[in-house]
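Lettering follows sequence order; numbering is per chain, from 1. Any value given below was found using the heavy atoms of this structure, including those in side chains, with hydrogens, waters and symmetry copies removed.
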There are 2 protein chains.
Amino acid sequence: MTEEVSPRKGDRTKAAILASARNAFHELGFDGASVRAIAAQANIDPAMVIRYFGSKQELFAAAVRIELRLPDLAQVPKSRRGRALVEHFLHRWEGEPNEDALIMLLRSAVSHEDAAQRLHTVFASQVVGALRPVVAASELKRRSALVASQMLGLALTRYVLRLPAVADLTRTDVIRDFSPTIQRYVAGPLPH
Amino acid sequence: MTEEVSPRKGDRTKAAILASARNAFHELGFDGASVRAIAAQANIDPAMVIRYFGSKQELFAAAVRIELRLPDLAQVPKSRRGRALVEHFLHRWEGEPNEDALIMLLRSAVSHEDAAQRLHTVFASQVVGALRPVVAASELKRRSALVASQMLGLALTRYVLRLPAVADLTRTDVIRDFSPTIQRYVAGPLPH
DNA sequence: GTCTATAATTCGATAGAC
DNA sequence: GTCTATCGAATTATAGAC
């Protein structure tokens, strides 16, 4: 019989693989992150990764757990909804180190069709879902598109491309400069 | 002696390789596009690609010719600069089929360091350059960052990720909805 | 459970015949 | 100029010893 510590040994190695995988996918995207590199960073044999997760594809699916947990906008005063969204995203993206699934998806979706599909799903269910209670049904798709384009553009330029002009902005700068835009997209007048 | 037609034979094959390469890089990014696939699409032997361009890296450099040719904003009335920029980008991106270098760079920069650097350079020289004549020096970096985040976010969601909500917008929709944002980023009041 | 060895692909790039 | 053949490296994934 093999050794057993309080959390099952298999669970610990599985968790180590997942942590390493999240970091690698976050930094390099699906194609760029190799199973070998993920295993090496976790001090684990590459064969174990496949044994535990079946394939790189399934490992990716397990590593990407998307829970945007967007705030309930109905409980935010109408004039502060833009700022609430910007603050929420910023907190998500800069809170936990290198593990945000949306950035992983963003890096992967460019070259990996499955990742792109998952990003579509996340967007459709969560962003649209957050806006639905507070915008007219006839404007839901349009306002969601605008919010997605600006928030993903911020994520792209700040975390993926790391354009200095955007990456050098402080958190305060980001909230101050992007909140009015998102506010208009969520609750402001739209040109007819 | 080998056959010679009016444009040198070598020039024709070279042009065919470049066209195929642009299409492949545009669709798949640097890593995703293989020399073999590029050659196959051009009905040319893969070895010829290397012979003509030296390496995949140099082929990429030759294929990516960035000329944003942004309009001279000083000659546009201040109140219409946002719209002028949005219209210009849209025309660039939807004008020539599948050849826009900025989309190629965007798809490649995620996984390819050289492409990311080139995108930094393009942004710094061209976007910042277009804004410099019409914004205060103290606000140049900040306003450039905002414009880049929104325009690249639009390109990302519409052409790369193809989020339906964004991809389904008509050109008229895009101009109507994004011009006010870019206008504010270029010429509007910034929160202090 | 773990690891060695390796199969099966695919890639960029090269050498050399013609 | 063109193409065949191939090298060397990298990848995911599997088989099987221990």
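Within the structure, ring pair (Phe, Tyr, Trp, His ring centres under 6.0 Å) contacts touching residues 45-86 of chain A (residues at least two apart or in different chains) are A:Phe25-A:Phe60, A:Phe30-A:Phe60. Here ring pair (Phe, Tyr, Trp, His ring centres under 6.0 Å) pairs that include residues 69-100 of chain B, with residues two or more places apart or in two chains, are B:Phe89-B:Trp93, B:Trp93-B:Tyr159.
Under the salt bridge (charged side-chain N to carboxylate O under 4.0 Å, His left out) criterion, B:Arg143 pairs with B:Glu139, not counting sequence neighbours. In this structure, the salt bridge (charged side-chain N to carboxylate O under 4.0 Å, His left out) partners of A:Arg176, at least two apart in sequence or on a different chain, are A:Asp173. Residues that satisfy the salt bridge (charged side-chain N to carboxylate O under 4.0 Å, His left out) test with B:Lys141, not counting sequence neighbours, are A:Asp168.
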If a protein heavy atom is under 4.0 Å from the base, mark B; if only from the sugar-phosphate, S; if neither, -; do that for nucleotides 2-14 of chain C going 5' to 3'.
-> BBB------BBSB
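In this entry the distance linking CD1 of A:Ile38 with P of D:dT11 reads 11 Å, nearest Å. Computed from coordinates, the B:Lys14 NZ to D:dG1 C1' distance equals 14 Å when rounded to whole Å.
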